[in-house]
Amino acid sequence: MLLIKNLQASVEGKQILNGLNLEVKPGEVHAIMGPNGSGKSTLASVLAGREEYEVEGGTVQFLGNDLLDMSPEDRARAGMFLAFQYPVEIPGVSNANFLKTAVNEVRKSKGLTAYDSKEFLQIMKEKMKLVEMDKAMTQRSVNEGFSGGEKKRNEIFQMAMLEPTLAILDETDSGLDIDALRIVSNGVNALRDGNRSFIVITHYQRLLDYIVPDFVHVLYKGRIVKSGTKELALELEEKGYDWIKEEVAVGA
Amino acid sequence: MSTITKYQTASTAFVQEAEVFADLYGKAHPTLAAIRKQAMVAFSSRGIPTMKHEEWKYVNLTSIAQTEYRTASPADSQKLSKSDIEQYRYAGKDAILCVIENGKLNTAASTMFSIPAGVRIGSIDDFSSDATVMSQLFTHASYEEEAMVALNTMLCYSPIIIKVDAKVKCDAVIQLIFATVPGADPLLIPARVLVVVGEQSEFTVVESFHTHGSGALTCNNIVSEVVVGKAARVHYAKVQVEGEEAQHINYHKVNMARDSFQHLTTLTLGGAIVRNNLNIRLDDEHVNAYLNGLYVLNQKQVIDNHTLVDHAMPNCYSNELYKGIIGDQAQGVFNGKIWVREDAQKTNAYQSNKNLLLSNQASMNTKPQLEIYADDVKCSHGATTGQLDDEALFYLRARGIGESVARSLLNHAFAADVIEQVENETLRESLMQLLDVKLSAMQIEA
Ligand SMILES: Nc1ncnc2c1ncn2[C@@H]1O[C@H](COP(=O)(O)OP(=O)(O)OP(=O)(O)O)[C@@H](O)[C@H]1O
Ligand SMILES: [Mg+2]
């Protein structure tokens, strides 16, 4: 599904990703952990197509296509979804109108007919239930005045609406209270259908109790320096990152 | 054929033309003829403003001054029919449509059968025996101070009048459709409106400006005077959607009596050069005035909104919100003056001007001017000019929304709140649609 080879990327002249490799197969859940500033969000941004991030080298294949050659909207239409670490507020655009436009643009790109208002409302209702979201939130401007947790929940709601093939969740668990963490995780798990894949970026092993990953990777200094299974997350929780940093130092 | 500057000199042509206009109404209305003569004197001493005038710094009227305009006359009207006008209907099937074709009322193209009791609409001839109306005509907008008002006062040959009696609630929107039909030669159109609203009445007026068909240059020289009676409520919209080459100089003077309310929206989407001068006088206590404006420009359009909110008396409230989206090489100007006179204690006056520049050749000049001579007042103003939020744009695109749709969506979100405040729902939806058509046209071009 996703094949990243030797990816190098910089922002404002500063190299952040230094030859990153990762393969995600259909249905898999990959967790990416790593110290602050190691490049996790940069990876997510590069995959989503943010223009400030300059790709200096390497390749990314998504469903057999050259991802790096696609516009952000084409990536989304092809099934890529990024739940932002910091969702953006858009005053004046209602959540409902935003999502209707998005869903219908994606449908249009697939040659499907646009949903009319009634169909759309019906689908929205179902998905709102999934993330226990209040109807009032859909009438409000996108993320405007939302609390940190509400913004994250809104990301998962959007994911549920767009039904992506690959979802990248960038610290969706940060800022969530215990109930919201459960709700968001249930939302994600409900979308796990054996084909849909996830990349879950997190700092906390706790999330991985709810969303159980197939693989856990450690991203450090712009590369994946260690990979393992869910036990690796437990080990990191216990020991921190120093031992990994030392391993890297020795290896280098 | 010669330019408008001919009116600055007492050339034979000018005197002849003036005689013709005098014949049109001057003989029947000697007072008006006298005012008109004074206006001629005022215009010939002032002339068309140049960029050296502080108030005209950004708008170059050279092209207006140098074009060989012919002044529209009754012969230039009465070509349009009802079916031509249908496309300009903004406020539903019940609306009263009053078509002003090249400056003169075209009754055949108008739809005026549903005018409720207590409301009268017509041209000067229909009101010649109405002393109230005749005494108000030509007395509010200042031809002494404004050359372009003087020009209008001396040349307009058929003022349109709306008179609403006291305690009338008119549900049907009155839409004045100013249809400019360009001809073979450049045409100067001096159109004039007087609206007299009785005490405690409430109604909605739309002035819309259109270019119908194509031809030589046109210049609208419009003066509207609105006299709002005690405790009356007036909803007013000015919708400027003229063609790419149209020139438009607009004066809008409102006098508000005690306890009155008005909500005035100016939407500017069309025209090459549009200059709006709004002068709202809060003439007695407990007046509420809302002034909103939205301008969306591309190519080389120039819009200059000059507004004056004149707080003359205590305990009044005014709130002004002007927003603009400016693309390509278009130019915007906002000059918003709030004048709080000595007597106007306990004034609340607010002003805000927000702009979005879509290209680096687009420009905006904003100048708020607060002149406060009373000490117990609350006034504030703020102005911002910025670009489309890249983060928001990326967020939308990351959800599969194409770039041009995303831009339109964000532009719409920026502009919509001005239109959302329009009370009449049908009108509001029509204006929103005009906005979206313009925004998507700008995206396609970009
Ligand atoms: N737009 C930018 N301009 C300048 N530096 C940037 C920019 N974006 C990221 N960086 C830098 O790149 C490095 C990696 O940032 P990134 O956000 O990818 O880290 P992260 O692994 O997601 O960290 P965290 O766990 O704190 O979210 C940091 O040093 C950061 O300051
Ligand atoms: Mg991050």
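Numbers restart at 1 for each chain; the letters A, B, ... are given by sequence-line order, proteins then strands. Nothing here was measured: the structure is a model prediction, and the numbers come from that model.
Side-chain N/O atoms of A/E56 and A/Q8 include no donor and acceptor closer than 3.5 Å. Side-chain contact, B/T268 with B/K238: no donor N or O sits under 3.5 Å from an acceptor N or O. Between the side chains of B/Q175 and B/S208, at least one donor N or O sits under 3.5 Å from an acceptor N or O.
Between A/D173 and A/K152 there is no salt bridge, since none of the side-chain N atoms of the basic residue sits less than 4.0 Å from a carboxylate O of the acidic one. Between A/E52 and A/R50 there is a salt bridge, since at least one side-chain N of the basic residue sits less than 4.0 Å from a carboxylate O of the acidic one. In summary, A/K25 and A/E28 do not engage in a salt bridge, as defined by a charged side-chain N under 4.0 Å from a carboxylate O. Using a 4.0 Å cut-off between a side-chain N of Lys or Arg and a carboxylate O of Asp or Glu, A/K151 and A/E89 qualify as a salt bridge.
Between B/F261 and B/Y290, the two ring planes are tilted [angle within 30° to 60°].
Neither the backbone nor the side chain of B/A416 comes within less than 4.5 Å of any heavy atom in chain A. Heavy-atom distances place the side chain of A/N97, and not its backbone, under 4.5 Å from chain B. Proximity to chain B (any heavy atom under 4.5 Å) is shown, for A/R75, by neither the backbone nor the side chain. Looking at A/P164, there are no atoms closer than 4.5 Å to chain B (heavy atoms on both sides), in backbone or side chain. If you measure heavy-atom distances from B/E420 to chain A, you find no contacts under 4.5 Å at all.
Considering only heavy-atom pairs separated by less than 4.5 Å from chain B, the leading option among A/K108, A/E155, A/M161 is A/E155. Counting heavy-atom pairs closer than 4.5 Å to chain B, the top-ranked of the candidates A/P72, A/S94, A/S109 is A/P72.
Residues of residues 120-143 of chain A placed with any heavy atom under 4.5 Å of a heavy atom in chain B are listed by number as A/V142, A/N143.
Distance CE/A/M1 to CG/A/L3: 12.5 Å, rounded to 0.5 Å.
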